[in-house]
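Sequence lines set the chain letters: A, B, ... in the order given, protein chains first and strands last, and positions in each chain run from 1.
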Number of protein chains: 2
Amino acid sequence: MSNTGGRRKPPTIHDVAREAGVSRGTVSRVLNGGHYVSPAAAEAVNAAIRRTGYVVNRHARSLITGRSDSVGFLLTEPQERFFEDPNFNVLLRGCTQALAAHDIPLLLMLAGTDDERRRITRYITAGHVDGVLLVSSHSGDPVAEELRAAGVPLVACGKPIGLGSKVSYVAADDRDGARDMVRHLLGLGRRRIGVVTGPLDTPGGVERLAGYREVLAEAGVEEDERLIVSGDYSRASGEAAAERLLGRAPDVDAVFVASDLMAQGVLAALQRAGRRVPEDVAVGGFDDSPAAVAASPALTTIRQPWDRISAEMVRVLLAQISGEDTAAVILPTELVRRASA
Amino acid sequence: MSNTGGRRKPPTIHDVAREAGVSRGTVSRVLNGGHYVSPAAAEAVNAAIRRTGYVVNRHARSLITGRSDSVGFLLTEPQERFFEDPNFNVLLRGCTQALAAHDIPLLLMLAGTDDERRRITRYITAGHVDGVLLVSSHSGDPVAEELRAAGVPLVACGKPIGLGSKVSYVAADDRDGARDMVRHLLGLGRRRIGVVTGPLDTPGGVERLAGYREVLAEAGVEEDERLIVSGDYSRASGEAAAERLLGRAPDVDAVFVASDLMAQGVLAALQRAGRRVPEDVAVGGFDDSPAAVAASPALTTIRQPWDRISAEMVRVLLAQISGEDTAAVILPTELVRRASA
DNA sequence: TTCTCTACTGTGAACGCTCACAGATGCAGC
DNA sequence: GCTGCATCTGTGAGCGTTCACAGTAGAGAA
């Protein structure tokens, strides 16, 4: 396994220019859009590039342009949670591919420890990436704030809390998704509809609960605080929440659960309590994660458009990098009907 | 959300030199190891760096050194499979963090389409990364071969097939893991031990089967071809394999399954056939994936040291980048006892 | 013809760094 | 004193680009 071969010195723009019989300037112009260059010259340059196998040296380019033509994908804080979330994978993959289409590499940055946080902040503010795709936790995020203050282009996934209103983000329409699900449950004839909320210090948690309330109010079903319990998106918290719910409102005939993982816990608790799903209690989840299909019965749930979210994040970030003003983007969700409701 | 602030021009090595009252050369020396520089000068430079908030411009450095001080994490071919595998996440995270400790960013590269493959190959061979961490599929991989031919430092995760022997890799000891598991099943008094293999065109599949055979031979248990069925690591294939196995060898009293996902399928098939686990049939998995804990009963399985694998991959790659000859690294596995065996 | 305008091309200079080299200083040995 | 050596420092060149600018050629208008 010796490091055989070594790497030969790659051809430079000089070599291409000589080969094509033109000047560096002309080659550079062909490389960057090809304006103000004659068809003959362009053809000669392209042929020379093909022949020599020339690839632009991005370092030299970056040195003078000040751009790095790369962006960071920054995950702050509780990495476990995100890394275990299959949606995170879809997001990461989607962003990587969307960027690849623009020939922009993605740098993965994980800010776990304070040391990593410092290093990453320095790296980014030093201009080593042109912008940052941010997957942040719910709590106020010092890294993100620092980046924002430094004027680094930044797009968050999901509405960030505590970052002021100045940061662009892309998110699924949590509230509308919740509305769809609760409407669906109403459509099944259920009236004692409980809810297991997510953490209420996150926008998602708040919005999903708000959607639930709105639809019940619209339908003239009076709200009952006993039907509202909260969890933290984990399976265990869903199980505990369902037990509380059954204790406080035994006549519950449907539950809207703010995450599929929690819904798994809810199913377990209902089964233990001898309630049949969906006959006695209909259950609706949120996320359309693999957990939704793995559950038995399979979960009726709300799908978030993760592929579109990643594509939009990249689009918005690139727009921001090229100096445009960008706004938040909210994308529609979709109800996925399975057995549990 | 306007792109307010803009980015100020960062300080250069010139600024630091002026601030510290020394020359560029001295600052550069301090930055790169600090040899041949007086303590007084070093102190002055460090103070100036702190005061100015200087961060080295990596592009300028790379332009002259020829190194990029970044490495690629390359995933070729069936992305779905890897992206759904939680171990992949652990691997990716581990590599990112191990590299971060060396201040080396990781570029995520996904070679799905032919177009992406071409682009990535060009990007890498052009020297835009110093080396590549490779997660490849089992089949011969044209990208990897091209990289190897170009002399790009390369470390694969798992033994690559069809890449010649010239590529370094880091892998878990599949054979020894299989041996441990089969020994464990023997220790439980089982003698009619079946095996559900992985795909036999992968090193992992081959090795795990070989381990099974070795232990049975050692123990003097005669081999029975009816006890050997194969799958493709998927849950469904495990279920089908178990049905075949039960048909061919109804007296089976234990099954070593080459992946946890398949083992889930095996459990389902056994339950449907009315066999109790582990009383009638003991089941051993492989991987220690979340599926192992989620299964009921929870799977006894073989844990692969993914955290150590990622750390070793980075170590070996960096060694290779700095010109050392590197060999393959095989890491030990660990038997995790749970309810299924 | 001459002038102007457009389309195109070549040429230095610069980006911020490292590297090789030359020079300076101090100290030991003759 | 001089020489040699080790330690330290500054300087110029150059990495491979892009960019601003100057310059050329040709077409059309006056």
Side-chain angles (χ1 to χ4, degrees), chain A residues 7-46 48-49 52-70 103 122-123 125-128 130 322, chain B residues 7-46 48-49 52-70 103 122-123 125-128 130 322:
Chain A
R7 305 219 219 169
R8 281 196 322 287
K9 208 167 189 173
T12 75
I13 203 172
H14 261 104
D15 301 323
V16 175
R18 186 162 11 88
E19 182 83 14
V22 298
S23 71
R24 292 167 6 246
T26 302
V27 177
S28 179
R29 274 184 286 267
V30 172
L31 253 35
N32 301 286
H35 290 304
Y36 280 91
V37 43
S38 68
E43 184 41 47
V45 168
N46 282 322
I49 288 176
T52 53
Y54 169 77
V55 180
V56 58
N57 182 324
R58 297 168 92 108
H59 300 304
R61 172 183 284 174
S62 293
L63 181 56
I64 185 159
T65 61
R67 283 175 284 116
S68 71
D69 291 317
S70 67
D103 216 14
R122 254 214 334 247
Y123 189 91
T125 52
H128 290 319
D130 294 339
S322 54
Chain B
R7 306 219 218 168
R8 281 196 322 286
K9 208 167 191 174
T12 76
I13 202 173
H14 261 105
D15 302 323
V16 175
R18 186 161 11 86
E19 182 82 13
V22 297
S23 71
R24 292 168 6 248
T26 302
V27 177
S28 179
R29 275 184 285 267
V30 172
L31 252 35
N32 301 284
H35 290 303
Y36 281 91
V37 43
S38 68
E43 185 40 49
V45 168
N46 282 322
I49 288 177
T52 54
Y54 170 77
V55 180
V56 58
N57 181 324
R58 296 168 92 106
H59 301 304
R61 172 183 284 174
S62 293
L63 182 56
I64 185 158
T65 60
R67 285 175 284 115
S68 71
D69 292 316
S70 67
D103 215 14
R122 253 211 337 245
Y123 188 90
T125 53
H128 290 319
D130 293 339
S322 53

Quiz item: Any side-chain heavy atom of A:Val30 within less than 4.5 Å of one from A:Val22?
Solution: no
Exercise. Starting from the C-alpha separation in whole Å, work towards a yes-or-no answer on side-chain contact (heavy atoms from CB on, under 4.5 Å) for A:Asp103 and A:Arg58.
Key: CA-CA 11 Å; A:Asp103 216 14; A:Arg58 297 168 92 108; 3.9 Å; yes
Spacing between [X] atom [atom1] and [N] atom [atom2], to the nearest angstrom:
X       : N      : atom1 : atom2 : value
A:Arg29 : D:dC21 : CZ    : P     : 14 Å
B:His14 : D:dG10 : NE2   : C1'   : 11 Å
B:Ile13 : C:dA14 : CD1   : P     : 19 Å

Output yes when at least one side-chain N/O atom of [X] is less than 4.0 Å from OP1 or OP2 of [N], else no.
X       : N      : answer
B:Ser23 : D:dG10 : yes
A:Ser38 : C:dA7  : no
A:Thr26 : C:dG10 : yes
B:Tyr36 : C:dA20 : no

Quiz item: Of A:Asn32 and B:Gly21, whose closest DNA chain D nucleotide lies nearer the 5' terminus?
Solution: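 Closer to the 5' end of DNA chain D: B:Gly21.
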Quiz item: Nearest to the side chain of A:Thr65 - C:dG16, C:dT18, D:dT18?
Solution: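 Out of C:dG16, C:dT18, D:dT18, the nucleotide with an atom closest to A:Thr65's side chain is D:dT18.
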Self-check item: Check: B:Arg61 main-chain N/O paired with B:Thr65 side-chain donor or acceptor under 3.5 Å
Solution: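 Pair found, side chain donor or acceptor close to backbone of B:Arg61.
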Self-check item: Under-3.5 Å donor-acceptor pair between A:Arg58 side chain and D:dG16 base
Solution: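 A donor-acceptor contact between them is absent.
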Exercise. Confirm from the modelled atom types if A:Arg24 and D:dT18 form a donor-acceptor pair under 3.5 Å, side chain to base only.
Key: yes
